[in-house]
2 protein chains.
Amino acid sequence: MDTAVIGQEILATCERLARHSDDTDALTVAYLSKAHRAVAAELRDAMEAAGMTVTVDAIGNVVGRLACGRPGAHTLATGSHFDTVRNGGRFDGRLGIVLPIALARHLHERGETLPFDLEVIAFAEEEGLRFASTFLGSSGLVGRFDASVLERTDAAGVRMRDAMLAAGLDPDGIGALRRDPARMLGYYEVHIEQGPVLLEAGEPLAVVTSIAGGLRYQCTVTGVAGHAGTVPMAMRHDAGTAAAEMVLALESCCLADASGTLVGTAGRFEVVRGATNVIPGECRFTIDLRAAHDGLRDRAFDEVLAACRAIAERRGVRFACERTMQVPATPCTPAWVDALADAVASLGLPARRMLSGAGHDAMMMGREMPVAMLFVRCGNGGVSHSPLETMTAGDAGLAAAATLAFWRRLAH
Amino acid sequence: MDTAVIGQEILATCERLARHSDDTDALTVAYLSKAHRAVAAELRDAMEAAGMTVTVDAIGNVVGRLACGRPGAHTLATGSHFDTVRNGGRFDGRLGIVLPIALARHLHERGETLPFDLEVIAFAEEEGLRFASTFLGSSGLVGRFDASVLERTDAAGVRMRDAMLAAGLDPDGIGALRRDPARMLGYYEVHIEQGPVLLEAGEPLAVVTSIAGGLRYQCTVTGVAGHAGTVPMAMRHDAGTAAAEMVLALESCCLADASGTLVGTAGRFEVVRGATNVIPGECRFTIDLRAAHDGLRDRAFDEVLAACRAIAERRGVRFACERTMQVPATPCTPAWVDALADAVASLGLPARRMLSGAGHDAMMMGREMPVAMLFVRCGNGGVSHSPLETMTAGDAGLAAAATLAFWRRLAH
């Protein structure tokens, strides 16, 4: 296989798909929009050209099947999503669809078969832009679809159920989409890293060990407001400086993590009704904590919570926090991680193992079957969810080669 | 003089004045409102009842004069403001008017004269609530009135000049209000502390050594926004945690000040366009720095600035700041500070000396003549600019006794 050629082909297809957008000056593809249906149609054509049998399921997922011809063969599912965030990137999601289609065509043209049935799934919705229905496509395939989202309306007041019916889809057929885990080999996903790790390391590929689960909290610090001129420093109960110390405690805790997979962010931070000449009486901030393992993440939160309480106690302010999200981490299947690392190493490349801090369809699929993920280097400082998101044809080609090597190593 | 009786009289007058308000459920008295004019009328009556000759000047200041009858005598001015902030306190400003009126009546009733002419000035405007024209009353008396404020409009679109004309005042006569410093002994002001120092110390009175000058900055930290899940801690350039470290550096610098007069506040602090799952790319905060001496304050700012720049350098973020206010400190006249402290001590009270962190009319008057200020203990934790602002009749009586003892010590 000529990796340079297949890499260029993958990039060209992603560029071609990016012509379809809901916005004229940005790449935005919302579930079931005109651009979304145009992308689905192109993917269907590409799958058919690669020799696959294609169906569009009840959710709008485009599913291409390349049968191995062996009776009773298990199925390896692979894919990602083709919807985007607002003003998104060309490779986020789509790389994981376009790459296996290119590989399937390569195999089909040579008359080569895999020792399992291959299913390339282009998930119709993962980002949740239109209906806040994240992981819609993959949730249906693992029997975890939340039917209440069908009643949600978009910004224009259109119900999801009605949008699906108008697109010729069958909302009442979603329950039947569930794949029987006993028939599945598992799920594999190629994704652009969406971060700077591989770029900084100068390496093209990484094997994902786990998809981090998120823990989010809304925190409130209540001190005593006062005149910025008349209350001596030693008599203050400043909610702002107390909260500042707390977010630094969060940062220190995560920096100290030896595994390097713990990340903590205070993304919002605000003095409530702040004024230049008033000592802050109330301050609010958020905590977002993620790690490869829930135990590590939860222990870190306990540590941060203890630090916040000690800071509050020492400064004579009140600290309260409320959990707003808790999603468990999805560890990738250890034998598959090893096989994928072996496949990467077989190309003469470093087989870095790393955490996925962002959520992916593999997180949902991994609830029901073995799962593995390959990360591909992200250019431009690692920026994603942005028109600046970029990758090279060379890296895409290496990812294709590693994927094929991995597939050939899979037990069946 | 029976200090208990005069103290009760002072508190009763402040309570009576507080019946007049622009708001039905809070004490709000804006320049030239109906409530403002009602308070002015009551003050005029009280001054006349105390044997004073009363005039209302071009700005609306109510000025009562108690002549000593000695040809060529100098004048001691004393007073404060009778306007309030929105939802203000009953003693802020008014104590400094009502107390000398009560003393003047005491002297008048006994036929006792002072060795100088006494002028009690009820300043019509200091807070700037209606036209953002702070220190309006006192600025006219020291020839520092800014005529451009006459063209400012209030929230209802009324020009200050028109409001003054409607109230029978003479905006074009403000220039003639300037007092000739050669004819003035100086200015003395009694004010509620508006902070917790005396309350915590268990002392009723303090002698102000200096009125702090303010220095204000708007600061901006620019880092690199990123995905809260995919950027490892060590690769971040988080504008929020950088700014958090900076406001703690401000706090540390002020806490370390040996003089105890340096106060620094970050009253506003906000992650710009913050989101829970996004690493802060931009953060803004304010700095308010005050001290007894401008040199101390400016050196502190240089130290904080150096700390912020070092933090920015170490964290790979940009730091910028812009000065939004710079007001010089007004030191009280040393001989007057000593005489006032001696007067307080003569009552058997501790003569604590302290900085005024808030601005007062004395700051403006002090630009042109000797100045002294007496602080009176503030109850309820030291809260001011609030309906919770309170003081005791006993403390008001002690303040009156100390004031009379000070007046008797004044050289003439």
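Just so it is clear, the values below take in all heavy atoms, side chains as well, and ignore hydrogens, waters and symmetry mates. All values reported here derive from a predicted model rather than from experimental measurement. Just so we're on the same page: letters track the sequence lines, and every chain starts at 1.
For B:Leu262, the part lying near chain A is the backbone, with the side chain staying farther off; criterion is any non-hydrogen pair under 4.5 Å.
Nearest approach of B:Val263 to A:Ala228, heavy atoms of both residues: CG2-O, 3.5 Å. Considering all non-hydrogen atoms of both residues, A:Val197 and B:Pro232 come closest at CG2-CG, 3.2 Å. Across all non-hydrogen atoms, the minimal contact from A:Pro280 to B:Ala266 is CG-O, 3.3 Å.
Of the listed residues (A:Glu245, A:Glu251, A:His227), the greatest number of heavy-atom pairs within a distance under 4.5 Å of chain B belongs to A:Glu251. No other option in A:Ala244, A:Ala291, A:Gly195 has as many heavy-atom pairs under 4.5 Å with chain B as A:Ala244. When each of A:Arg290, A:Met325, A:Arg216, A:Glu270 is scored by its heavy-atom pairs under 4.5 Å with chain B, the top score falls to A:Arg290. Between chain A and the residues B:Asp238, B:Asn277, B:Leu355, B:Asp257, the largest count of heavy-atom pairs under 4.5 Å involves B:Asn277. In terms of non-hydrogen atom pairs under 4.5 Å with chain B, the most contact-rich of A:Arg236, A:Arg273, A:Glu200 is A:Arg236. Taking chain A as the reference chain and counting heavy-atom pairs below 4.5 Å, the highest number among B:Met246, B:His385, B:Met233 is found for B:Met233. Interface check for chain A: of the options B:Gly226, B:Gly357, B:Gly382, B:Gly229, the most heavy-atom pairs under 4.5 Å are formed by B:Gly229. If you tally non-hydrogen atom pairs under 4.5 Å between each of A:Ala239, A:Gly264, A:Ala243 and chain B, the highest count goes to A:Gly264. For the set B:Gly274, B:Ser386, B:Gly281, B:Gly359, the entry with the most heavy-atom pairs within less than 4.5 Å of chain A is B:Gly274. Taking A:Val383, A:Val278, A:Thr286, A:Leu248 one by one and counting their heavy-atom pairs under 4.5 Å with chain B, the maximum is reached by A:Leu248.
Other residues, nucleotides and ligands contribute at most 12 non-hydrogen atoms within 6.0 Å of the CZ atom of A:Arg318. Other residues, nucleotides and ligands contribute at most 12 non-hydrogen atoms within 6.0 Å of the CD atom of A:Glu313.
Side chains of B:Thr230 and A:Gln194: a donor-acceptor N/O pair is absent below 3.5 angstrom, by distance only.
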Exercise. Starting from the C-alpha separation in whole Å, work towards a yes-or-no answer on side-chain contact (heavy atoms from CB on, under 4.5 Å) for B:Arg268 and A:Thr276.
Key: CA-CA 6 Å; B:Arg268 290 176 184 268; A:Thr276 307; 3.9 Å; yes
